[in-house]
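Below is one structure; the comments refer to it alone.
Only this structure's heavy atoms are used, side chains among them; waters, hydrogens and symmetry mates stay out.
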There are 2 protein chains.
Amino acid sequence: MRNRKKGYGCPEGCPVEGTLDVIGGKWKGVILFYLLDGTKRFNEFNRLMPGITKRMLSLQLKELEEDGIVHRQVYPEIPPKVEYSLTEFGRTLEPIISLMNEWGENYKEFLKENKRELK
Amino acid sequence: MRNRKKGYGCPEGCPVEGTLDVIGGKWKGVILFYLLDGTKRFNEFNRLMPGITKRMLSLQLKELEEDGIVHRQVYPEIPPKVEYSLTEFGRTLEPIISLMNEWGENYKEFLKENKRELK
DNA sequence: CAGGATCCTGGACGATACTG
DNA sequence: CAGTATCGTCCAGGATCCTG
């Protein structure tokens with residue numbers, strides 16, 4: 001979703017597009033959801049999201065960091081320790097992520113009730 | 001974003017992921033944003049989103065329809081007339097889309113203020 | 001522990017032409 | 001007007017192995 005190369009769908013770039021650019025990666029929504037809960041270490045994410053590879057986790061976290069959403073705190077120890085948290089601005093995403101969480105729940109119910117009609 | 005084939009990042013499928021599956025296509029956010037404003041015809045979208053092709057518009061609308069978010073009303077006339085609108089359930093997305101729109105605006109400001117630090 | 005480096009594949013997306 | 005049908009590209013995402 002990031003780095004659209006050929007411009008935007010709306011003239012001047014629709015803000016909704018911009019938002020989806022930031023949170024729309026395959027794992028970013030979930031990462032952000034877990035970060036609402038507080039600081040997390042690299043391997044904690046791996047445990048929380050069994051499907052993700054280290055490579056993807058690293059990439060998505062790096063993008064969120066570059067976008068100013070996530071703060072990366074390195075503790076120069078051995079073994080290494082790195083903590084990820086939301087930046088101040090990243091926290092402004094909380095209402096959106098929370099709403100998306102609620103909506104996702106409701107959507108599951110909606111699908112159950114309509115599985116016949118909606119094939 | 002749709003039809004994840006290899007399961008979900010969180011066990012049992014994180015609701016946030018499910019939501020992004022529905023609204024996370026390249027054009028869906030914008031399409032939904034314009035639909036908040038009211039019913040739209042096929043070519044109206046084309047005018048509103050100069051970048052999209054008919055093929056992509058058709059595909060994304062079809063997915064939103066299959067997901068129960070968008071209603072497609074066909075008027076059997078010549079020339080054809082088709083109107084797209086949000087379903088009742090689709091309208092429950094309004095708070096999310098609106099928030100994403102606001103957040104996107106704020107994010108642009110945020111980027112301006114921090115263009116030095118955030119490279 | 002927290003990643004980086006490589007290699008590879010499928011499917012999202014696009015360009016273009018055609019149609020009822 | 002509102003799409004479909006083909007064909008082609010490209011890169012997000014994954015598998016695997018390596019490292020300070």
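One atom, CZ of B:Phe42, and another, P of D:dG3, lie 5 Å apart when rounded to the nearest Å. Atoms CG (A:Leu59) and P (C:dT6) sit 14 Å apart, rounded to a whole Å. Across the protein-nucleic acid pair, B:Asn46 atom CG and C:dA15 atom P stand 13 Å apart, rounded to whole Å. Atom P of nucleotide C:dT19 and atom NZ of B:Lys54 are separated by 14 Å, given to the nearest angstrom. Across the protein-nucleic acid pair, A:Leu57 atom CG and D:dG14 atom P stand 12 Å apart, rounded to whole Å. Atom NZ in A:Lys40 sits roughly 17 Å away from atom P in C:dC1 (whole-Å rounding). Remark: C1' of C:dA2 and CD1 of A:Ile78 are 12 Å apart, rounded to the nearest angstrom. When rounded to the nearest whole Å, the span between CD of A:Glu63 and P of C:dG4 equals 13 Å.
Residue pairs meeting the side-chain hydrogen bond (donor to acceptor under 3.5 Å, both in side chains) criterion with at least one partner in residues 72-81 of chain B, sequence neighbours excluded, are B:His71-B:Gln73, B:Arg72-B:Tyr84, B:Tyr75-B:Glu83.
For the pair B:Lys62 and D:dT4, the criterion of a side-chain N or O lying under 4.0 Å from OP1 or OP2 is met. OP1 or OP2 of D:dA12 has not a single side-chain nitrogen or oxygen of A:Gln60 nearer than 4.0 Å. For the OP1/OP2 pair of C:dG14 and a distance below 4.0 Å, the side-chain nitrogens and oxygens of B:Lys26 include at least one atom meeting the criterion. Dashed line: the shortest gap from a side-chain N or O of B:Ser58 to OP1 or OP2 of D:dT4 is under 4.0 Å.
At a threshold of 4.0 Å, the pair B:Lys26-A:Glu17 does not count as salt-bridged, since none of the basic side-chain nitrogens sits closer than that to a carboxylate oxygen.
Between A:Phe89 and B:Phe110, the two ring planes are parallel [angle under 30°; tilted spans 30° to 60°].
Candidate nucleotides C:dG3, D:dC1, D:dG3 were compared by shortest atom distance to the side chain of A:Val82, and C:dG3 ranks first. Residue B:Asn43 places its side chain closer to D:dC1 than to any other of D:dA15, C:dG3, D:dC1. Comparing D:dC1, C:dG3, C:dA2 against the side chain of B:Pro80 picks out D:dC1 as the nearest. Side-chain proximity of B:Trp27 to the nucleotides C:dA2, C:dG14, C:dC1 is greatest for C:dG14.
Toward the 5' end of DNA chain D, the nearer of the two residues B:Arg72 and A:Met56, judged by each one's closest nucleotide, is B:Arg72. Residue-to-nucleotide proximity on DNA chain C shows that, of B:Gly24 and A:Glu83, the 5′-proximal contact is made by A:Glu83.
Under a 3.5 Å cut-off, the side chain of A:Ser98 and the backbone N or O of A:Glu94 do form a donor-acceptor pair.
Taking CD1 of B:Ile97 as the start and NZ of B:Lys28 as the end, the distance is 11.5 Å to the nearest 0.5 Å.
A:Arg55 contributes a side-chain N or O that forms a donor-acceptor pair with the base of D:dG13 under 3.5 Å.
The residue A:Phe45 sits apart from the nucleic acid: no heavy atom pair falls under 4.0 Å.
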